[in-house]
Amino acid sequence: MKSSYGSSSNDLHTFVNEIKREIQLSNINLDPYSFVSPSAYDTAWLSMIEQDINVDDNELKPMFQGCLDWIMCNQNAREGFWMNSTSYTTTVADGGDEDGEEDMYILISTLACVVALQKWNIGCFHLHKGTRYIERNTEMIIGKYANEEGSYPRWFVIKFTGILELAQKLGLHFVFSSRCIEMIKGMFYQRQEIIEREKLVDDCNYIPLLAYLEVLPSKLYVTNQEDIIVKSLDSMNGSLFQSPSATASAFMLTRNTKCLAYLQNLVQKCPNGVPQKYPLNEDLIKLSMVNLIESTGLGELFGIEIEHVLEQVYRRYEEKDFERMPMSYLADQLHKDSLAFRMLRMHGRDVSPRSFCWFLNDQKTRNHLERNIDCFLLVILSVYRATDLMFPGEHDLEEARKYTRNLLEKSRSINEKMIMHELSTPWIARLKHLDHRMWIEDKNSNVLSIEKASFLRLHSSYSDKLTHLAARNFEFQQAKYCRELEELTMWVKKWGLSDIGFGREKTTYCYFATVTSLPYEYAIKFGKLAAKCAILITIADDFFDEKGSFNDLEALTKAVLRWEGEELKSYGKIIFRALDDIVRETANTCRTHHKTDIIVHLRNIWGETFESWLREAEWSKKGHTSSMDEYIRNGMISIAAHTIALSISCLMEPCFPHNKLKPGNYDSITTLLMIIPRLLNDLQSYQKEQEQGKINSVLLHMKNHPGLEIEDSIAHIEKIIDSKRKEFLEHVLVDGLSDLPKPCKEIHMSCCKVFEMFFNKKNRYDSNTEMLHDIKKALYDPINVYELSEMEPMPLMAHGDEYMILPLLLNSLPNILEFKRKDGYGAMKTSMCFGRSYRVNKRVMASQLDDQHKPLKIVASQRKPVPMMQSIFAPCFY
């Protein structure tokens, strides 16, 4: 993705200010629909509505001229397709069902737009390019993405066959190859099966057949269209399933005033192209924009704007009236409520799970979710993510998590990268920086919802700039981190830690874990210092576990307690000198910024940590088996999570309560931070420690309960961790439960997430290779932003070849006619033409036949507009 902006701090600041001016999230008069991508397909259908059908053909005019103008102005000038104002297409060769369905929707949108241009006889140049795109790419798109059963997505079959028939009724003909024709015939058979199998309106189907009214054969409803169509209109706004295209068709068939009011309101609200769904939940649009900003790592740059939106949402968070809502509205409401819950809780607001767990007691909503998992995938995923922030006693969240996880595992999109990531790696075990990269590189990060044919997205004019800014910001941070890592490596060498000759060399691991878990502002200020603490803890722990004699360990511990290391020798001296440098740096930083002296507190914390290591060494030497309480009291100190967290926390705020730095008087959030990593470590190390004759909480529990298997003890420890984790989250996110300032609580959270990542299902920290891939992505690899990719076109078949149109009987497949033509070298080629007859006015028919022998012109032809629909029988349907 190219940009005129560089990656310096000033360039990024300029780009941020430019985007803020465009988005204006803080503007009280903000129109949320400006953030939504317009749909070429639906805009084309609105452009085909006649203003007055009771006039002669030559007096017909479009009711919504602006929609027709949008089509003329929004064709891809090079390739000739129309799409939903997104800046990329997908490459057919890349594979993947999602990309395939995007290609399919581009094909459908292009068909609809050329039909609209053909109807009004304008834009011959646009029509020509659109037709060429369809002929070049149809075979490739539909050939690549038939699923294993040989069938196509339901929506595509219904739309493609219907819009293709409409195109030919209006005089458009496309030249396809034999292979392509066979696939198209298969789609017509598949459509017939769908029509025979399904009802027009079906409670089991979230998107029933009638939602595709614009492309349905009229034989399905023509005899009682008033009963079927009018009774299906939304009583709240006059739409047909909130679909602009279906409602446009409903109006052309019935001239219903409620439909007209809906369409007029839609065009007034969205004058620059209409979305594929209307109305939308406006709070959901705003929250989705904020979610995109935060998830791509831009939250720190848009703090004021984010707080403005969240405050607006929070003020009306409890205002709901579900009883009168159709299912489509309930789905949006659930999506919005769960997203709001997660974002508001993360930002410290007091919100109850009941605000979105209402669906658990609504059997109708649950039935729809279960029957239409893929349609509601984003809603289900949003609910699942909201349950990440679970506090003690919130049983509704536990039920919602179990329920939505089960649905996600049943989804056909289970192999999709984002969903696999959510299910395999809990939020608490994910690092900010890597999560930001995943969102930046995910081409679907701007999706609002899944509609009847494709994703409804945030408008590319905003989302693309945000993604580009996020990519530049990410690479700017990478460069900064790499420079700091070099400085840290020099520090390790300076104090002799890299050549110490034993234990784990984890300089890169420690720096990676600290800076990628912290907000960037904190990472740059204190990430290197936190990494120094972690490096020293790793080396000292290995010294106590493996290298040092008991006398050496005792001497080092005593030296740390009195903070005098002159008499130390060899490894003990190296460790103490490096430790002294870390403590002095921390104390000097605090003295410089906050005018307070904390050196005594720091020495006491480190002394307590060394004492715990010595005690474990003594237990191991003597073969002492402690009680569970005794083990936990010592083990929660020896894991040293608090040693790092408190060393950094006291630098964050001048108001940090110094009494919370005293051993034995730690804040409750610090105590929880100490317990969770210890138990996580025990789950992954009990086998190794059992072999070495050491104790461990898992082993102690099994020893104290002889009748249990090891799996039972593991389950018991996991249950304790789960309980403590919920309590920890509550202390971090809720005001009043902890005396620590908010930035200090964020440090504790980051520290906890690092340990959760280290010990998620395995011991990643002790592996020499387990984290290398993540380290490369976080610190070195350039970010891969999804860019415009071109489809390699099929050989273009020539226009102007002679072919004939034969009658098509009702309910039969279109006639497929073979004809011969000469290629550029004079050789005879056999191709197939997709043709059919239709009933229109003779004057129009003759004009169309004459046009077969006329060269294409850039100017509009003099043919009369073709009426879209007659009052009794619509010529665009069977």
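- In this structure, His593 places its NE2 atom where only 12 or fewer heavy-atom neighbours from other residues, nucleotides or ligands lie under 6.0 Å away.
- The minimum heavy-atom distance between Ala641 and Cys751, with the atom names listed, is O-SG, 3.6 Å.
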Hey, mind stepping through Arg678 and Ser638 against side chain to side chain donor-acceptor pair (under 3.5 Å) and telling me if it holds? CA-CA 8 Å; Arg678 165 46 61 203; Ser638 67; 3.0 Å; yes
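- When only modelled atom types and interatomic distance are considered, Thr387 and Arg401 share a side-chain donor-acceptor pair under 3.5 Å.
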Audit row: Lys286, Glu282, salt bridge (charged side-chain N to carboxylate O under 4.0 Å, His left out) steps and yes/no: CA-CA 7 Å; Lys286 295 178 184 178; Glu282 297 190 3; 5.7 Å; no
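- Side-chain rings of Tyr481 and His433 approach one another, their centers coming within less than 6.0 Å.
- Both cation-pi conditions hold for Lys20 and Phe302: the charged atom is under 6.0 angstrom from the six-membered ring centre and inside a 45 degree cone around its axis.
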Could you check Lys493 against Asp499 for salt bridge (charged side-chain N to carboxylate O under 4.0 Å, His left out), going step by step and ending with a plain yes or no? CA-CA 7 Å; Lys493 291 179 179 179; Asp499 303 320; over 6 Å; no
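- Of all the heavy atoms in Tyr765 and Lys506, the pair that sits closest is O-NZ, 2.8 Å.
- Of the possible donor and acceptor atoms, none in the side chain of Asp735 sits under 3.5 Å from a partner among the backbone N and O of Leu737.
- Between the side chain of Trp606 and the backbone N or O of Leu579, no donor-acceptor pair lies under 3.5 Å.
- Closest non-hydrogen pair, Tyr520 versus Glu300, comes out as N-OE2, 2.9 Å.
- Here the straight-line distance linking atom OG1 of Thr507 with atom CD1 of Ile539 works out to 7.0 Å at 0.5 Å rounding.
- In plain terms, the two heavy atoms of Pro677 and Leu672 that are nearest each other are CD-O, 4.4 Å.
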Is there a salt bridge (charged side-chain N to carboxylate O under 4.0 Å, His left out) between Glu422 and Arg405 once you walk through the steps? CA-CA 10 Å; Glu422 289 286 344; Arg405 184 181 181 90; over 6 Å; no
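- Judged by distance alone, the side chains of Ser338 and Ser382 do bring a donor and an acceptor atom under 3.5 Å apart.
- For the pair Arg345 and Phe391, the cation-pi criterion (under 6.0 Å, within 45° of the ring axis) is fulfilled.
- Side-chain contact check for Arg342 and Asn291: at least one donor-acceptor pair (N or O, by modelled atom type) lies under 3.5 Å.
- Using modelled atom types and a 3.5 Å distance limit, the side chains of Thr643 and Thr609 yield a donor-acceptor pair.
- Residues Asn760 and Pro426 are in side-chain contact: their nearest non-hydrogen atoms beyond the backbone lie under 4.5 Å apart.
- Arg584 CZ: 12 or fewer foreign heavy atoms inside a 6.0 Å radius.
- Heavy-atom contacts from other residues, nucleotides or ligands closer than 6.0 Å to CZ of Arg764 number more than 12.
- The environment of NE2 in His658 is crowded: more than 12 heavy-atom neighbours from other residues, nucleotides or ligands sit within 6.0 Å.
- Looking only at atom types and distance, the side chain of Ser295 has no donor-acceptor partner in the side chain of His436 under 3.5 Å away.
- Considering Lys724, Met390, Met749 as possible partners of Leu729, the one that fulfils the side-chain contact (heavy atoms from CB on, under 4.5 Å) test is Met749.
- Side-chain contact between Lys528 and Trp491: absent, with no pair of heavy atoms (C-beta onward) separated by less than 4.5 Å.
- Residues Trp427 and Asp435 have side chains that never bring a donor and an acceptor to within less than 3.5 angstrom of each other.
- Each of Leu646, Ile598, Leu651, Thr596 was scored for a side-chain contact (heavy atoms from CB on, under 4.5 Å) with Phe656, with one residue passing: Leu646.
- Counting heavy atoms from C-beta outward, Thr586 and Ile582 have side chains that approach closer than 4.5 Å.
- In summary, the aromatic rings of Tyr666 and His642 are positioned with their centroids under 6.0 Å apart.
- When all heavy atoms of Lys417 and Met438 are compared, the pair lying nearest together is CE-CE, 3.8 Å.
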Apply salt bridge (charged side-chain N to carboxylate O under 4.0 Å, His left out) to Arg349 and Glu311, showing your working. CA-CA 9 Å; Arg349 304 302 204 283; Glu311 187 58 34; 3.0 Å; yes
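- Of the residues Glu487, Glu484, Glu585, the one that meets the salt bridge (Lys or Arg N to Asp or Glu O under 4.0 Å) test with Lys532 is Glu585.
- Other residues, nucleotides and ligands place no more than 12 heavy atoms under 6.0 Å from the CG atom of Asp350.
- For Lys726 and Glu730, the salt-bridge test fails: no basic side-chain N is under 4.0 Å from an acidic carboxylate O.
- Inspection of the Asp667 and Ser738 side chains reveals an N or O donor paired with an N or O acceptor under 3.5 Å.
- Nearest heavy-atom pair across Ile783 and Ala471 is CG2-CB, 3.7 Å.
- For the 3.5 Å distance criterion, the side chains of Asn768 and Arg504 fail to qualify, holding no donor opposite an acceptor.
- A salt bridge is defined here as a Lys NZ or Arg NE, NH1 or NH2 lying under 4.0 Å from an Asp or Glu carboxylate O, and Glu653 with Lys742 fails to meet this definition.
- For His468 and Arg472, the side-chain atoms include at least one donor-acceptor pair closer than 3.5 Å.
- No side-chain donor-acceptor contact under 3.5 Å links Asp541 to the backbone of Ile537.
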